[in-house]
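Report on the following structure.
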Number of protein chains: 2
Amino acid sequence: MNAPRPHLSISAVERDTGLGKDTLRAWERRYGFPSPARDDCGERLYPAEQVDRLRLIKRLIDQGHRPGRLVGVADADLVQLAARGTAATGTAASCVEGCAAPATAGLSDGQASGLAPLIERALTHIRAHDLPALQQTLNQALLRQGVGRFVIDTVGPLSVAVGEAWMRGEIEVFEEHLYTEQIKTLLRQSLSALPGMGAAPRVLLTTLPDELHTLGLLMVQSLLALEGATCIPLGAQTPLFDIRLAAQAHAADIVALSFSASFPSRQVAPLVSQLRGMLPPHVELWIGGGGAERARAAVAAAATGNASDGQGIRILPSLDSALQALEVWRSARG
Amino acid sequence: MNAPRPHLSISAVERDTGLGKDTLRAWERRYGFPSPARDDCGERLYPAEQVDRLRLIKRLIDQGHRPGRLVGVADADLVQLAARGTAATGTAASCVEGCAAPATAGLSDGQASGLAPLIERALTHIRAHDLPALQQTLNQALLRQGVGRFVIDTVGPLSVAVGEAWMRGEIEVFEEHLYTEQIKTLLRQSLSALPGMGAAPRVLLTTLPDELHTLGLLMVQSLLALEGATCIPLGAQTPLFDIRLAAQAHAADIVALSFSASFPSRQVAPLVSQLRGMLPPHVELWIGGGGAERARAAVAAAATGNASDGQGIRILPSLDSALQALEVWRSARG
DNA sequence: TGGTTTGTTTGTCATGGACAAAACAGAACG
DNA sequence: CGTTCTGTTTTGTCCATGACAAACAAACCA
């Protein structure tokens with residue numbers, strides 16, 4: 001008994017897909033897709049299936065594909081492409097590390113059933129909407145592995161697996177949402193049990209405006225707090241200028257940002273550079289998340305600008321690397 | 001030593017103010033404000049002060065003022081206007097209840113120092129960036145008052161007070177962020193300590209795409225969970241269609257949505273109506289938050305459509321009313 | 001093989017016109 | 001005096017088209 005899925009206006013599609021109005025109109029003009037119907041006033045009405053397709057395409061673009069190549073592809077092939085993982089075409093390979101979460105590197109193949117049994121089990125519970133079972137499974141894993149390993153070996157890969165399952169159409173958005181909420185709750189919970197406050201680097205964690213995903217941030221916070229660092233979480237969407245103010249006010253040693261793969265790619269490097277310029281030189285800038293690699297250009301810019309290498313910007317391609325960075329920081333200072 | 005605050009592009013302004021590109025251009029055309037400079041390519045560059053003004057104006061509009069009246073007003077008067085609170089002009093009064101948080105009604109004047117001492121103290125700590133003190137104050141209040149009263153009497157009014165202080169320029173965005181994070185942590189923490197699961201209504205909590213504020217949702221969740229209700233939190237930004245799926249999958253009795261004052265007003269009623277139409281009739285729809293009043297039109301529409309009163313849509317103008325709604329629901333059923 | 005140059009692709013911005021829904025103001029009416 | 005009903009203004013959003021710079025791919029040369 002499927003509801004008849006009504007058509008969407010252009011602004012609704014913008015919300016649901018993350019593709020701007022201008023982009024949607026440009027694609028229509030150039031590629032002939034999407035090809036929305038029109039209402040009485042001549043305004044676009046996008047059929048639901050086209051919106052689904054747009055969502056999928058958006059996700060593929062975030063992985064390094066390009067629109068021109070995708071619009072012509074048949075739906076089936078598109079799904080298959082999505083299942084395969086990150087695009088391997090040309091230079092886009094630079095994005096690979098950024099998209100895959102840390103520990104996944106060990107698992108050669110994301111979609112074969114070679115996943116860790118724990119992750120398999122969690123996925124099953126998610127699909128079955130069995131909240132209690134999911135909670136129990138995760139809680140058990142947390143207790144068995146400890147926070148550190150749990151974050152690195154379980155949460156990371158599981159999040160990737162969920163994302164990939166979504167791409168394959170095996171998991172609905174709301175299931176992903178629910179999973180995310182559960183993990184957040186769990187991490188916050190164990191976080192609040194930590195001794196808290198005190199030691200060495202004071203880390204300010206946040207995302208820039210337009211970036212809503214804070215799960216990665218929370219994972220890093222868990223790891224750092226576990227090592228005794230003092231974390232100051234600002235939540236999502238802190239304007240650049242306020243980050244500078246906050247860093248000053250809280251005497252932060254490090255500002256940690258997270259960029260997801262869906263963050264507008266073009267803006268990453270400029271924004272990071274700008275922020276770098278605004279912060280006091282002794283404050284380090286750590287960049288993580290699926291879109292972190294895109295900040296490479298900013299590192300280069302900062303390097304030339306300061307006549308020194310990678311001056312104060314550090315890209316964290318994995319969760320492990322956050323811990324390494326922490327070690328480095330500590331050994332470099334008192 | 002203020003940094004020279006660079007100019008912003010139109011998309012940056014859109015992000016920072018919440019005003020759409022089209023709107024920004026339309027205002028410029030019609031009112032002559034903002035009046036951005038242009039770069040070499042003819043693209044708009046907004047000076048920082050104009051962006052500040054835009055932010056303020058946006059907030060005033062969310063409170064019921066109208067752009068045409070505001071653009072001409074001097075900056076000082078604007079701030080004064082902001083400090084005074086909600087617009088009292090004409091019919092806009094209907095918005096009053098929606099913007100003010102529950103318990104504030106008792107406090108006749110938000111800006112006079114007539115605030116509860118507890119709230120005064122918390123505000124002081126926020127302004128001083130004294131995280132430990134803030135945590136301690138809040139924790140103490142939580143323990144003394146219990147979750148229920150803490151949420152209704154402290155968190156609600158305090159959040160309003162923080163918002164108003166921001167309007168008066170007494171509090172920075174990042175301070176508001178930090179405060180919000182702290183409260184969220186606290187609530188989640190006490191939430192995780194609740195027996196959990198089980199009793200009567202199964203409530204699905206989320207916001208629609210474009211609505212990021214989940215604090216209100218968390219407050220309601222705390223209250224409902226305290227009364228034994230089963231809460232299923234989906235976090236923010238669940239697409240309409242997925243809400244329907246989730247409601248089915250989790251056999252929800254109630255779907256609770258939250259709209260902040262900054263949610264695009266025009267969309268509230270249509271969206272709520274649409275969702276109402278998609279959900280099974282026996283599932284109730286509860287609407288809360290600063291922008292909830294705007295859903296009144298949807299209630300009316302649902303009423304005429306169903307030839308029955310307020311069919312299945314309930315607007316919660318305050319936190320208390322959530323508890324009342326719960327009672328009503330329970331006494332109406334088994 | 002590695003670096004540079006030359007087309008292409010692609011997102012975003014600008015202009016100017018249009019329109020419908022909402023907000024308002026004022027008249028008419030009970 | 002308060003309410004309901006109009007006509008008018010305000011306001012956000014949409015449309016079409018054109019333009020351009022940055023990112024990319026591919027051909028090219030050393």
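All chains are named by letter (A, B, ...) in the order of the sequence lines, taking the proteins before the strands, and each is independently numbered beginning at 1. Heavy atoms only: backbone and side chains are in, while hydrogens, waters and symmetry mates are out. For clarity, every value in this text was computed on a predicted model and none was experimentally measured.
- The C1' atoms of five pairs define one axis at each end of the helix from dT1(C)-dA30(D) to dG30(C)-dC1(D), and these two axes lie 30° apart (to 10°).
- Within the 3.5 Å criterion, the main-chain N or O of Asp210(B) finds a donor-acceptor partner in the side chain of Gln237(B).
- Taking every heavy atom of residues 14-30 of chain A and every atom of DNA chain D, pairs under 4.0 Å involve Lys21(A), Arg25(A), Arg29(A), Arg30(A), by number.
- Candidate nucleotides dA25(D), dA23(C), dG12(D) were compared by shortest atom distance to the side chain of Arg69(A), and dA25(D) ranks first.
- Atom pair Leu8(B):CG and dC13(C):P shows a separation of 12 Å (rounding to whole Å applied).
- At whole-Å resolution of the value, CZ in Arg266(B) and P in dA22(C) are 7 Å apart.
- Here Ser159(A) pairs with Tyr179(A) under the side chain to side chain donor-acceptor pair (under 3.5 Å) rule; sequence neighbours left out.
- Residues of residues 34-42 of chain B that place a heavy atom closer than 4.0 Å to DNA chain C, in numerical order, are Arg38(B), Gly42(B).
- Side chain of Ser273(A) to main chain of Ala269(A): a donor-acceptor pair is present (N/O by atom type, distance under 3.5 Å, no hydrogens or angles).
- Remark: the backbone N or O of Gly235(B) is paired with a side-chain donor or acceptor of Thr206(B) at under 3.5 angstrom.
- In this view, Leu217(B) and Leu205(B), Thr207(B), Ser258(B) satisfy the side-chain contact (heavy atoms from CB on, under 4.5 Å) rule, not counting sequence neighbours.
- Scored by the side chain to side chain donor-acceptor pair (under 3.5 Å) test, Glu14(B) finds Lys21(B) as partners (sequence neighbours excluded).
- Judged as a side chain to side chain donor-acceptor pair (under 3.5 Å), and not counting sequence neighbours, the contacts of Gln267(A) are Arg15(B).
- Side-chain nitrogen and oxygen atoms of Arg66(B) include at least one within less than 4.0 Å of the OP1 or OP2 phosphate oxygen of dT11(D).
- Looking at heavy atoms from C-beta onward, Arg25(B) lies in side-chain contact with Ile10(B) at the 4.5 angstrom threshold.
- Between the CD1 atom of Ile61(A) and the P atom of dA23(D) there is a distance of 17 Å, rounded to whole Å.
- The salt bridge (charged side-chain N to carboxylate O under 4.0 Å, His left out) analysis of residues 34-43 of chain A, with sequence neighbours excluded, yields the pairs Glu28(A)-Arg38(A).
- Using a distance-only test at 3.5 Å, with no hydrogens or angles considered, no donor-acceptor pair links the side chain of Glu284(B) to the main chain of Arg314(B).
- Spacing between atom NE2 of His65(A) and atom C1' of dT10(C) amounts to 17 Å, rounded to whole angstrom units.
- Across all strands, Ser11(A) comes closer than 4.0 Å only to sugar-phosphate atoms, never to a base (heavy-atom distances).
- For the pair Tyr46(A)/His7(A), no side-chain contact is recorded, criterion being any heavy-atom separation below 4.5 Å from C-beta on.
- The shortest distance between the side-chain N/O atoms of Tyr31(B) and the OP1/OP2 oxygens of dT10(D) is not below 4.0 Å.
- In this structure, the side chains of Leu285(B) and Val272(B) come closer than 4.5 Å at one or more pairs of heavy atoms.
- A search for side chain to side chain donor-acceptor pair (under 3.5 Å) contacts involving Thr17(A) returns nothing, not counting sequence neighbours.
- Paired with Asp52(B) under the rule salt bridge (charged side-chain N to carboxylate O under 4.0 Å, His left out), one option of Arg5(B), Lys58(B), Arg59(B) passes, and it is Arg5(B).
- Distance Glu43(B) CD to dC20(D) C1': 8 Å, rounded to the nearest Å.
- The ring-ring contact (aromatic ring centres under 6.0 Å, His included) search around Phe259(A) returns Phe263(A), not counting sequence neighbours.
- Put simply, CD on Gln267(A) is 13 Å from C1' on dC13(C), counting in whole angstrom units.
- The distance from atom NZ of Lys58(A) to atom C1' of dG11(C) is 12 Å, rounded to the nearest whole Å.
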Expected string for nucleotides 2-7 of chain C under the B/S/- scheme (protein heavy atoms, under 4.0 Å, primed atoms plus P, OP1, OP2 as sugar-phosphate) is ------
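- Contact check of residues 44-56 of chain B against DNA chain D (heavy atom, cut-off under 4.0 Å) returns no residues at all.
- Side-chain contact check for Ile243(B) versus Leu208(B): some heavy-atom pair is nearer than 4.5 Å.
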